[in-house]
Structures are given as C-alpha cells and as structure tokens.
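These notes are about the structure you will find just below.
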Amino acid sequence: MRERVTVIEHEAEAGLGFFAGWLRDAGVDCEVVRPYKGDPVPETADRGLVVLGGEASAWDDEGYGWLPATRALLARSVEDGVPTLGICLGAQLMTIACGGTVERGDAGLEIGLCDVVALPEAGDDPLFSALPARPLRAVQYHYDAMTALPPGAVRLATGGQYPNQAYRLGASAWAVQFHPEATAGVFESWTSGGGLPDSQVGELNAQVGQGEEELRATWRPLAEAFAAQIFQRSATEARAVTAAGAVTDARADAAPSL
C-alpha cells in the first residue's frame, strides 16, 4: 500500500531534490502543486504536506500571490494534525501562519554547507531522533530568518549564524530553516544566478559537492521518518473508521425487531 503527500513548489529551481526518491522509496507518492505555473493551492492536504523553499520572502504577498493560500493551508494542516514539513521558505511561511515572526536576517546571507546543532529536545522527536549521531551539516541559502517561533513550538536545532534552525509544532508539524532536500546540482542552480563572486561560487559549490554523500546519509532518515508519520496517521484513521463501524454494527444488532 502506498501513501501520498501534497507538495507546494514555489519555483522550478527549488524542487524536491533528494526527497523525490527518498519519499518514493518509502512508499509515498508526491502530488506536486506549482502555483507559479497557475496551479491552485488546495484548501486541505489530507495525508501529508511538504512546503518547499524559494527566493520569495514569506510576507511578499504582492509579488507571490499564492502565499496567503499557502499560509492558510499550513495553518489548517497544523491544526488538523496532518504530517507537515516546511523547508526554508516553507518553514518561514509556517512560522508566520501559526503566530511567529519572520524578518530580514540581521546576520546576513547564510549559505553553503553549514553546521546544524541538534538540541536535547531533538532526542525524542519522531523525526530528529532518527538522525545519525554525528555533527550535522546541511545546505543553507537564506537571507530571512525566523526570529520568533510560534506559541507552543519546540525548538529542535540551532546554528551559529541563526539560532532558530528547526522546530516542531504540535505532534506532527516540523519546520526546518535549512535544506535537507538539496542536492549538489540543486545548490549549483541557486549559486549560478545569485550575484556572488565567481571565486565564492566555486568554493561553495565544491564544498557542497564534496559533502553530498554525507548529506544523503544525514538527511535520508529524516525523510523516511516523515514518511512513517504519514503512514501512522493513515493507520490511525483506518482504525477509527473500523471502530466506528463496529459500534454501528453492535447498535444495529442490539436494536429490537419491530
């Protein structure tokens, strides 16, 4: 049996990357919604939701007209307990949608293969507890920052340049400022048009390229753990339906014949 997840993609250069294969191998099919091509953002994502990154600022509704609908979808998914993962821009959209704050980062551009420090709260988290016991590094490329997390958020990871790198909200929604999905090729597509000096671009691309196997080993378990959350929700719903049916049948059997 396979499951499915709704994916909101904000631009062609910021797709699923590694996650496309990792989720597929874990039994989850991706229904990719591309609002920049005119796809309507759905009102609900019944099974699971992934909101990807992009160059937009999370508050730029005028420049990216689908952002309000995406924030509404995120808020509804969090409230309904749908397994939800926001990545970079997706994390920032979730933050605003659920009562937190996102601003232009005062520490400047965070870019390249950067350290991510898991906090003690990550030890029993359904996703982050699956990560290997080693210093974590992840691809970064963002100017904006989550400066205040939503009420009730549990911070799971921090970093040297920006302290809010990952959090969980409720039982089944996660936000990550970094890019666990980014391949070396995806990262190169970002740096090629970023206006950075050629020498810096070459150094950054080489760093991420050399670390690609490390990235696979580090972040694949997170994708697999997220897929497991989707299956767990589906199983819970199936049990609830079965239980409700059993109650209905029992009441029918107990009813007097007329």
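The basis for the numbers below is simple: all heavy atoms, side chains too, and nothing from hydrogens, waters or symmetry mates.
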Begin with the C-alpha distance, continue with both residues' side-chain angles, and end with the deciding distance and a verdict on side chain to side chain contact (heavy atoms under 4.5 Å, CB included) for Ile96 and Thr101. CA-CA 6 Å; Ile96 293 176; Thr101 303; over 6 Å; no
Gln140/Gln161 under side chain to side chain donor-acceptor pair (under 3.5 Å): CA gap, chis, key distance, verdict: CA-CA 11 Å; Gln140 299 271 16; Gln161 192 164 342; over 6 Å; no
Between Arg137 and Glu214, is the salt bridge (charged side-chain N to carboxylate O under 4.0 Å, His left out) condition met? List the steps. CA-CA 8 Å; Arg137 295 196 298 173; Glu214 174 191 339; 2.6 Å; yes
Quick one: do Cys30 and Leu16 satisfy side chain to side chain contact (heavy atoms under 4.5 Å, CB included)? Show the steps, please. CA-CA 9 Å; Cys30 297; Leu16 277 163; 3.8 Å; yes
Tell me, with the steps shown, if Leu136 and Asp115 meet side chain to side chain contact (heavy atoms under 4.5 Å, CB included). CA-CA 6 Å; Leu136 304 176; Asp115 292 337; over 6 Å; no
Any chance you could lay out the salt bridge (charged side-chain N to carboxylate O under 4.0 Å, His left out) test for Asp39 and Arg34, step after step, and finish with the verdict? CA-CA 5 Å; Asp39 294 348; Arg34 297 179 172 91; 5.4 Å; no
Check the pair Asn164 / Thr147 against side chain to side chain contact (heavy atoms under 4.5 Å, CB included), numbers first and verdict last. CA-CA 7 Å; Asn164 294 323; Thr147 54; 5.6 Å; no
Under the criterion side chain to side chain donor-acceptor pair (under 3.5 Å), I'd like the reasoning laid out for Glu13 against Ser189: C-alpha separation, chi angles, the key distance, then a yes or no. CA-CA 7 Å; Glu13 293 76 16; Ser189 74; over 6 Å; no
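Screening residues 102-150 for ring-ring contact (aromatic ring centres under 6.0 Å, His included), with sequence neighbours left out, gives His142-Tyr162. Pairs engaging residues 223-232 under the side-chain hydrogen bond (donor to acceptor under 3.5 Å, both in side chains) rule: Arg220-Glu224 [sequence neighbours left out].
Between the side chain of Glu212 and the backbone N or O of Ala184, at least one donor-acceptor pair lies under 3.5 Å. A distance-only check finds a donor-acceptor pair linking the side chain of Glu11 to the backbone of Glu55 [under 3.5 Å]. Between the side chain of Thr6 and the backbone N or O of Glu31 there is no donor-acceptor pair closer than 3.5 Å. A donor-acceptor contact shorter than 3.5 Å links the side chain of Thr158 to the backbone of Pro163. Judged purely by atom type and a 3.5 angstrom limit, Arg47 has no side-chain atom pairing as donor or acceptor with the backbone of Arg233. Checked by atom type and distance alone, the side chain of Ser57 never pairs as donor or acceptor with a backbone atom of Asp60 at under 3.5 Å.
Checking Phe19, Trp219, Trp190 one by one against His179, the ring pair (Phe, Tyr, Trp, His ring centres under 6.0 Å) holds for a single residue, Trp190.
Of all heavy-atom pairs between Tyr64 and Pro68, the closest is O-CD, 4.3 Å. Nearest heavy atom pair, residue Val116 against residue Ala138, reads CG2-CB, 3.9 Å. The shortest heavy-atom contact between Val78 and Cys98 is CG2-SG, 4.1 Å. Between Ala225 and Ala130 the shortest heavy-atom distance is CB-CB, 4.1 Å. Pairing each heavy atom of Gly152 with each of Leu169, the nearest pair is C-CD1, 4.0 Å. Between Cys88 and Gly53, the closest heavy-atom pair is CB-CA, 4.3 Å.
No continuous path of ILVMFWY side-chain contacts below 4.5 Å connects Val50 to Met94, so the two sit in separate hydrophobic clusters. Hydrophobic clustering (side-chain heavy atoms under 4.5 Å, transitive across Ile, Leu, Val, Met, Phe, Trp, Tyr) keeps Leu67 apart from Leu85. In the hydrophobic cluster analysis, where Ile, Leu, Val, Met, Phe, Trp and Tyr join through side-chain heavy atoms closer than 4.5 angstrom, Val82 is grouped apart from Ile8. Hydrophobic clustering places Val176 together with Val139 (ILVMFWY residues linked when any side-chain heavy atoms are closer than 4.5 Å, directly or through intermediates). Tracing side-chain contacts under 4.5 Å through hydrophobic residues (I, L, V, M, F, W, Y), one reaches Val7 starting from Val28; they form part of the same cluster.
Interatomic distance, Arg4 CZ to Ile230 CD1, rounded to the nearest 0.5 Å: 10.5 Å. Rounding to the nearest 0.5 Å places CG of Leu93 at 10.5 Å from CH2 of Trp59. Note that CG of Leu74 and CD of Glu79 are 13.0 Å apart. Values are rounded to the nearest 0.5 Å. A distance of 6.5 Å separates CG of Leu109 from CG of Leu196, quoted to the nearest 0.5 Å. In this structure, the separation between CZ on Phe178 and CG on Leu215 is 11.0 Å, given to the nearest 0.5 Å. Note: Gln207 CD to Leu113 CG = 5.0 Å, rounded to the nearest 0.5 Å.
Counting heavy atoms from C-beta outward, Val51 and Leu89 have side chains that stay 4.5 Å or more apart. For the pair Asp61/Arg71, a side-chain contact is recorded, criterion being any heavy-atom separation below 4.5 Å from C-beta on. In this structure, Asp124 and Ser129 have side chains that are not in contact, with every pair of non-hydrogen atoms separated by 4.5 Å or more. Side chains of Pro42 and Val33 form a contact here, defined as non-hydrogen atoms less than 4.5 Å apart. The closest side-chain heavy-atom distance from Trp174 to Leu222 is not below 4.5 Å.
For Glu3 and Ser234, the side-chain atoms include at least one donor-acceptor pair closer than 3.5 Å. A donor atom on one side chain and an acceptor atom on the other are found under 3.5 Å apart for Thr95 and Tyr167. Under the 3.5 Å distance criterion, with hydrogens and angles disregarded, a donor-acceptor pair is assigned to the side chains of Gln92 and Gln177. Between the side chains of Thr191 and Asn205, a donor-acceptor pair is found at a separation under 3.5 Å.
Classification of Glu213 and Arg216 as a salt-bridged pair holds, one side-chain N sitting under 4.0 Å from a carboxylate O. The existence of a salt bridge linking Asp29 and Arg2 is confirmed by a sub-4.0 Å separation between a basic side-chain nitrogen and an acidic carboxylate oxygen. Ion pairing of Asp144 with Arg104 is present here, as a side-chain N (NZ or NE/NH1/NH2) and a carboxylate O approach within less than 4.0 Å.
Judged as a side chain to side chain donor-acceptor pair (under 3.5 Å), and not counting sequence neighbours, the contacts of Arg168 are Asp125.
Relative ring orientation between Tyr36 and Trp66 is described as tilted, the plane-to-plane angle lying within the 30° to 60° band.
By the 6.0 Å contact criterion, CD on Gln200 is enclosed, its count of non-hydrogen atoms from other residues, nucleotides or ligands being greater than 12.
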